[in-house]
Amino acid sequence: FMAFEFDDIIASVLRFEGGYVHDPQDPGGETKYGISKRAYPKIDIKALTMARARTIYKNDYWTRGRADKLPGDLRHHHFDMCVNAGIKAAVKVLQKAANRKGCGLKIDGIIGPKTIKASESLTANDLAAERLRYYVNICRRKKHLRKFLYAWCWRVSEC
């Protein structure tokens, strides 16, 4: 049985997030280890250490995204989605996946007891499929983001 805790998952997330990048077409803008200047305007992104990035991920994405409250096999997908698209978007993806199983959740991006309970009906493949729908729909709406689709799909497959 594989553990699905923060320390087991963070290395994979950091591998996808990579080092320092400043792509003008990336909605996050300047980033390092996936921590964006847009989300953290007071941090010197170029000087960000890996240890500080891990702390930010643990507190602001793993804990706030309540990844530890989900069934073990969903944690990697959910946490990775929180990092890649934000907590609210990740929770909406989780809620939509649960609704495909007939759970009848309100799609509000809030991860409360109903969403956590409904997640018990999901498999990792259910959540992966909903993530892929999310990324494809982004690329349909925002054509300039299509260049990221392959990487997003690869990322989902690695979870």
Side-chain angles (χ1 to χ4, degrees), residues 4-70 72 74-98 105-116 119 124 127-159:
F4 294 100
E5 301 301 329
F6 177 81
D7 289 333
D8 304 315
I9 297 168
I10 188 62
S12 168
V13 171
L14 286 169
R15 189 177 80 244
F16 276 106
E17 291 299 336
Y20 181 80
V21 181
H22 195 19
D23 182 335
Q25 288 187 310
D26 186 332
E30 181 184 24
T31 64
K32 186 174 181 185
Y33 309 127
I35 305 299
S36 72
K37 189 69 171 177
R38 193 187 80 195
Y40 294 89
K42 294 180 181 173
I43 291 179
D44 178 349
I45 298 298
K46 272 192 173 175
L48 181 68
T49 65
M50 176 80 73
R52 177 85 196 276
R54 284 176 61 101
T55 299
I56 290 169
Y57 280 132
K58 176 81 183 226
N59 296 334
D60 294 359
Y61 295 88
W62 178 264
T63 301
R64 281 189 50 232
R66 304 188 75 192
D68 60 323
K69 305 298 183 206
L70 298 179
L74 302 183
R75 292 177 183 179
H76 193 158
H77 272 296
H78 180 67
F79 174 60
D80 189 67
M81 185 79 185
C82 287
V83 167
N84 186 244
I87 293 170
K88 189 168 189 159
V91 173
K92 285 181 177 182
V93 165
L94 183 67
Q95 291 167 333
K96 287 177 183 178
L105 293 172
K106 180 179 175 186
I107 308 297
D108 60 6
I110 298 168
I111 187 159
K114 289 178 185 173
T115 299
I116 292 167
S119 73
L127 192 50
E130 199 62 44
R131 284 184 74 186
L132 292 172
R133 278 186 202 89
Y134 172 85
Y135 292 126
V136 167
N137 286 333
I138 283 178
C139 291
R140 283 185 179 140
R141 289 191 322 272
K142 300 177 180 181
K143 308 243 185 287
H144 68 283
L145 296 179
R146 286 183 175 175
K147 71 179 192 171
F148 298 112
L149 184 59
Y150 178 80
W152 289 333
C153 292
W154 180 255
R155 188 174 181 143
V156 171
S157 75
E158 288 294 300
C159 286

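Side chains included, hydrogens not; waters and symmetry mates left out as well; all remaining heavy atoms used. We number each residue from 1, following the sequence as shown.
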Novice: According to salt bridge (charged side-chain N to carboxylate O under 4.0 Å, His left out), does anything in residues 80-97 pair up with another residue at least two apart or in another chain? List the pairs.
Specialist: Asp80-Arg131, Asp80-Arg155
Novice: Which atom pair, heavy atoms only, marks the closest approach of Ile45 to Thr31?
Specialist: CG2-C, 3.6 Å
Novice: Between Val156 and His77, does the side chain to side chain contact (heavy atoms under 4.5 Å, CB included) criterion hold? Intermediate values first, please.
Specialist: CA-CA 7 Å; Val156 171; His77 272 296; 3.8 Å; yes
Novice: Of all the heavy-atom pairs spanning Arg54 and Asp7, show the shortest one and how long it is.
Specialist: NH2-OD1, 3.1 Å
Novice: When you measure from the side chain of Gln95 to the backbone N and O of Thr115, does any donor-acceptor pair fall under 3.5 Å?
Specialist: no
Novice: Give the minimum heavy-atom separation between His78 and Gly65, together with the two atoms involved.
Specialist: NE2-O, 2.8 Å
Novice: In Å and rounded to the nearest 0.5 Å, what is the CG to CH2 distance from Leu132 to Trp152?
Specialist: 12.0 Å
Novice: What distance do Ile116 atom CD1 and Leu74 atom CG have between them, rounded to the nearest 0.5 Å?
Specialist: 11.5 Å
Novice: Are there over 12 heavy-atom neighbours, none belonging to Arg146, within less than 6.0 Å of that residue's CZ?
Specialist: yes
Novice: With a 4.0 Å cut-off, would you call Asp108 and Lys114 a salt bridge?
Specialist: no
Novice: Passes side chain to side chain contact (heavy atoms under 4.5 Å, CB included), Leu14 versus Tyr57? Steps please.
Specialist: CA-CA 10 Å; Leu14 286 169; Tyr57 280 132; 3.6 Å; yes
Novice: Can you name the residues that form a side-chain contact (heavy atoms from CB on, under 4.5 Å) with Lys42, not counting sequence neighbours?
Specialist: none
Novice: Output the distance between atom OG1 (Thr63) and atom CZ (Phe6), rounded to the nearest 0.5 Å.
Specialist: 8.0 Å
Novice: If you take all heavy atoms of Glu5 and Trp62, which pair is closest and at what distance?
Specialist: C-CH2, 3.8 Å
Novice: Going from OG on Ser157 to CH2 on Trp154, what distance comes out if it is rounded to the nearest 0.5 angstrom?
Specialist: 5.0 Å
Novice: Aromatic ring centroids of Phe148 and Tyr135 under 6.0 Å?
Specialist: no
Novice: Quick one: closest heavy-atom pair of Gly34 and Glu17, and the distance?
Specialist: CA-OE1, 3.0 Å
Novice: Report the distance from atom NZ of Lys69 to atom CD1 of Ile111, rounding to the nearest 0.5 Å.
Specialist: 10.5 Å
Novice: Flag yes if more than 12 heavy atoms outside Lys37 fall under 6.0 Å of its NZ atom; otherwise flag no.
Specialist: yes
Novice: Ser12: what forms a side-chain contact (heavy atoms from CB on, under 4.5 Å) with it, not counting sequence neighbours?
Specialist: Arg15, Phe16, His76
Novice: Would you call Lys46 and Glu30 a salt bridge, using N to O less than 4.0 angstrom?
Specialist: no
Novice: As an exercise, state the distance from CZ of Arg75 to CG of Asp68, rounded to the nearest 0.5 Å.
Specialist: 6.0 Å
Novice: Taking it one step at a time, do Ile110 and Val91 satisfy side chain to side chain contact (heavy atoms under 4.5 Å, CB included)?
Specialist: CA-CA 6 Å; Ile110 298 168; Val91 173; 5.6 Å; no
Novice: What do the steps show when you test Lys147 against Asp23 for side chain to side chain contact (heavy atoms under 4.5 Å, CB included), and what is the final call?
Specialist: CA-CA 12 Å; Lys147 71 179 192 171; Asp23 182 335; 3.0 Å; yes
Novice: Classify the angle between the aromatic ring planes of Tyr20 and His22 as parallel (below 30°), tilted (30 to 60°) or perpendicular (above 60°).
Specialist: tilted
Novice: Considering non-hydrogen atoms only, spot the tightest contact between Ala39 and Tyr61 and give its length.
Specialist: CB-OH, 4.5 Å
